Every structure is written in C-alpha cells, then in structure tokens.
There are 2 protein chains.
Amino acid sequence: PSRLPGFATHQVGVAGAVLDEATGKVLVVQDKNKTKNAWKFPGGLSDPGENIGNTAVREVFEETGIQSEFQSLLSIRQQHNHPGAFGKSDMYIICRLKPLSFDINFCRQECLRCEWMDVAELARTNHTTPITSRVAKLLLYGHREGFDKIDLAVKEIPAVYKGLFYQLYHKELPETYENIC
Amino acid sequence: PSRLPGFATHQVGVAGAVLDEATGKVLVVQDKNKTKNAWKFPGGLSDPGENIGNTAVREVFEETGIQSEFQSLLSIRQQHNHPGAFGKSDMYIICRLKPLSFDINFCRQECLRCEWMDVAELARTNHTTPITSRVAKLLLYGHREGFDKIDLAVKEIPAVYKGLFYQLYHKELPETYENIC
C-alpha cells in the first residue's frame with residue numbers, strides 16, 4: 001500500500017428530515033432549479049469543520065425558516081461521478097431532526113414550494129426522489145414502531161489526540177453491553 | 001447561502017471488522033508506527049471512486065492477507081483537525097465483514113502483530129482504542145442477539161442521472177414498509 005498521505009476526495013452533503021412526532025408530518029421542499037418537481041428533504045453541503053448534525057440544522061433553517069434539533073443519523077449514501085461534485089465522490093447523510101418551530105418561511109431563491117407533508121403520503125407518492133421515498137418509508141416505520149428501530153445514536157468520545165473529541169454514530173448499545181467488563 | 005459549487009472537504013477512511021460467526025473471533029492488528037500498542041481493526045483510506053465495502057475488503061487483505069466479504073456498515077465517525085488529515089475533515093466508517101480465508105499473512109511494514117481475538121475479550125481489554133472497544137461491544141451484541149440489531153444494510157438504487165447507481169445504507173426496512181403503496 002502507498003505510504004503517501006491522503007488528500008480530500010469527498011464532499012459531504014447532509015439533509016434534514018424534520019419529523020413532527022405529534023402529527024406525523026415531515027418538512028419537504030421542491031427545488032427551484034431542477035427539471036422535475038420532486039419533493040425532497042432540505043439540505044446542502046457541510047462547511048469545512050462543521051459537524052453533521054449542525055449542517056442539517058443550518059441548512060433546514062436557511063431553506064425553510066424552521067428551527068430544529070438533531071435527533072439521529074438515519075442513512076448514508078455514497079455516490080461517485082455525481083454531476084454536481086466536479087469529479088469528486090459524494091457522501092450524503094440524512095439526519096432525523098425534531099422541529100422547534102412550525103411556521104414556514106422558505107427561501108425563494110432555492111425553493112419553489114415547502115410544506116409539512118404527512119410522512120405516509122411522502123412514502124407513497126411518485127412525486128419524489130428514490131432516496132426520499134426510501135427514507136420516508138424508514139421514518140414511517142420508526143414513527144409507528146419506535147425510533148430505536150431506525151436511529152443511529154451519536155456518542156461523543158475523546159480522541160487519542162489530547163483535547164480532541166469525535167462523534168461516533170451507531171445503533172444504540174444496551175447498557176449490559178455498554179458496561180461490560 | 002452561497003451559490004458557489006462545493007469542493008472536496010473530507011477524506012474517507014474505512015476499517016473492516018472481520019468477524020467469524022462460528023467462533024466469535026475477530027481480526028485485529030497492532031500498527032507498527034504508533035506510540036501505543038493498541039489492538040484495532042485493519043483499514044485505510046478510500047481510493048477516489050472506490051465503494052466503502054471495497055475499501056474495507058482491500059485494506060483488510062493488504063494488511064492481513066485475509067480475504068473477506070462485505071456484510072454491513074456498523075458505525076461512522078466524523079472528526080475535524082485530525083493530525084493525519086492535513087487540515088481536512090475525516091470520515092471514518094467501520095464495516096462488518098465475513099472471512100473467506102483464515103490464515104493470517106500480515107504486512108510487516110504496517111503491522112507489528114495480527115491475530116484472531118475473541119470479540120468478548122476485545123470488548124473488555126484496555127489495550128485498544130476507544131472506538132475499537134465500542135465497536136467490539138456492538139459486535140458482541142450482534143453476535144449474541146442477532147446482527148439485525150447492529151447492521152446497516154446496503155441497497156443499490158438508480159440515480160436521477162441516467163446510468164448511475166448509488167449505495168444507500170440504513171437499517172433494514174421490513175417488507176410491509178418496503179412495499180407500501
């Protein structure tokens with residue numbers, strides 16, 4: 001294997017699926033500059049040094065005016081040769097967020113439409129992208145049978161390098177395994 | 001929000017946790033050039049355009065001589081300002097692999113030691129990194145109670161852009177939700 005140092009090869013995009021547990025409605029947008037009017041979750045590229053959850057919350061606010069809070073990581077997509085990625089590979093991460101506000105005030109430069117849609121309707125409609133449809137089905141499953149079925153929880157862990165922390169995402173670990181010794 | 005195109009901000013590293021279900025043993029290495037002799041999973045950086053699972057299988061083979069097959073994605077770590085990442089952010093993904101061969105022939109340039117270790121022992125030992133210890137506990141949970149408890153399955157989906165496919169990773173979706181209409 002090569003002993004040369006690595007270099008940045010990926011851009012990281014993050015989408016936020018803001019689900020209101022009380023009503024089963026999820027926040028969706030239609031992009032302005034796309035050929036097909038498909039409902040999708042708001043999102044965008046991570047700024048350098050920005051945590052995944054913070055990107056999701058920031059992009060949701062910028063696009064829709066909705067304030068939200070990070071809950072979990074739901075899904076990861078890897079794609080190569082994506083037209084928007086300029087030859088780089090693309091990691092796209094979908095997070096589950098909890099709404100802290102409900103009045104939509106969406107960005108007219110980015111979005112054509114924005115609404116709270118029933119998650120069961122989003123899971124069924126053809127007016128969406130394949131990834132949004134799949135994540136909607138996952139959200140519906142979680143909403144009906146418990147979010148522990150679909151969530152990757154986050155755990156903050158001290159790094160080997162002093163003073164640094166990192167976020168580790170995986171399925172919740174039961175306490176009996178967490179405290180094994 | 002900025003309308004400028006994005007650029008590559010992350011390097012993506014992948015580790016392979018090769019677990020032999022029959023024996024409960026997992027493949028671990030000790031790096032040669034690190035200060036602390038800690039057991040960890042073999043792994044390394046994704047080549048440009050390389051799928052996550054392929055990186056894991058390739059790196060495991062290069063470091064240990066063990067052939068393996070991708071099973072699932074277990075965990076994701078995001079870290080900023082990592083000393084080895086030259087100011088870039090670092091995404092580190094841990095996959096679960098199934099061994100196809102068992103005779104270790106490890107790379108003496110990269111590794112000091114390499115062995116099949118009982119996963120319960122790895123979950124308990126202090127001679128490891130925090131991330132390895134946590135993933136070992138997760139593996140032990142999966143091995144005892146079913147890998148569906150810990151696995152993110154992969155699904156290949158056609159992209160909006162013709163002829164392209166991408167890999168989407170998330171918790172297995174029950175058929176009743178998969179086929180909702």
Side-chain angles (χ1 to χ4, degrees), chain A residues 1 5-12 36 44-46 48-49 51-52 62 73-86 88-89 91 107 110 123-124 129-131 134-135 137-138 140-141 149-150 152 155 157-161 164 166-171 173-174 177-178 180-181, chain B residues 1 5-12 36 44-46 48-49 51-52 62 73-86 88-89 91 107 110 123-124 129-131 134-135 137-138 140-141 149-150 152 155 157-161 164 166-171 173-174 177-178 180-181:
Chain A
F7 52 94
T9 53
H10 284 67
Q11 61 181 22
V12 174
K36 199 181 142 198
L45 292 176
S46 255
N51 281 343
I52 292 165
E62 286 175 1
L73 200 152
L74 291 177
S75 180
I76 298 152
R77 183 194 69 181
Q78 188 181 37
Q79 187 170 287
H80 308 296
N81 305 312
H82 185 276
F86 297 87
K88 296 296 180 182
S89 295
M91 292 274 293
C107 173
E110 288 195 78
R124 285 187 190 99
T129 66
I131 189 171
R134 248 189 118 64
V135 172
K137 289 170 178 126
L138 202 62
L140 186 64
Y141 174 39
K149 295 274 200 284
I150 62 166
L152 293 200
K155 175 98 184 170
I157 298 185
V160 184
Y161 309 97
L164 293 179
Y166 53 78
Q167 284 81 39
L168 192 65
Y169 301 86
H170 57 66
K171 282 291 296 175
L173 200 57
Y177 292 93
E178 182 94 52
I180 203 165
C181 58
Chain B
F7 52 93
T9 52
H10 283 69
Q11 60 181 22
V12 174
K36 197 181 144 198
L45 292 177
S46 256
N51 281 341
I52 292 166
E62 287 176 2
L73 200 152
L74 291 177
S75 180
I76 298 152
R77 183 195 67 183
Q78 188 181 37
Q79 187 170 287
H80 309 297
N81 305 313
H82 185 274
F86 297 89
K88 296 295 178 182
S89 293
M91 293 273 293
C107 172
E110 287 196 78
R124 284 188 193 98
T129 66
I131 190 172
R134 249 188 117 67
V135 172
K137 288 169 178 126
L138 203 62
L140 186 64
Y141 174 40
K149 295 274 200 282
I150 62 166
L152 294 201
K155 175 99 185 169
I157 298 185
V160 184
Y161 309 98
L164 293 180
Y166 54 76
Q167 284 81 39
L168 192 64
Y169 300 87
H170 56 66
K171 282 292 295 176
L173 199 58
Y177 292 94
E178 182 93 53
I180 203 165
C181 58

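None of these values were measured; they are calculated from a predicted model. Labels below follow one simple rule: chain letters A, B, ... track the order of the sequence lines, proteins then strands, and each chain is numbered from 1.
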State, yes or no, whether a side-chain contact exists between A:His170 and B:Val135 at a heavy-atom distance under 4.5 Å. no
I want to check something: taking the side chain as every heavy atom from C-beta on, are B:Leu168 and A:Ile131 in contact at a cut-off of under 4.5 Å? yes
Please classify the contact between A:Leu74 and chain B as side chain, backbone, both or neither, with a heavy-atom cut-off of under 4.5 Å. backbone
Measure A:Ile157 against the heavy atoms of chain B and call it side chain, backbone, both or neither at under 4.5 Å. side chain
Sequence neighbours excluded, which residues qualify as salt bridge (charged side-chain N to carboxylate O under 4.0 Å, His left out) partners of B:Lys155? B:Glu178
Using a cut-off of under 4.5 Å for heavy-atom pairs, which of B:Ile180, B:Leu73, B:Ile150 has the most such pairs with chain A? B:Ile180
Taken in chain and number order and not counting sequence neighbours, the residues that satisfy ring-ring contact (aromatic ring centres under 6.0 Å, His included) with A:Tyr169 are none
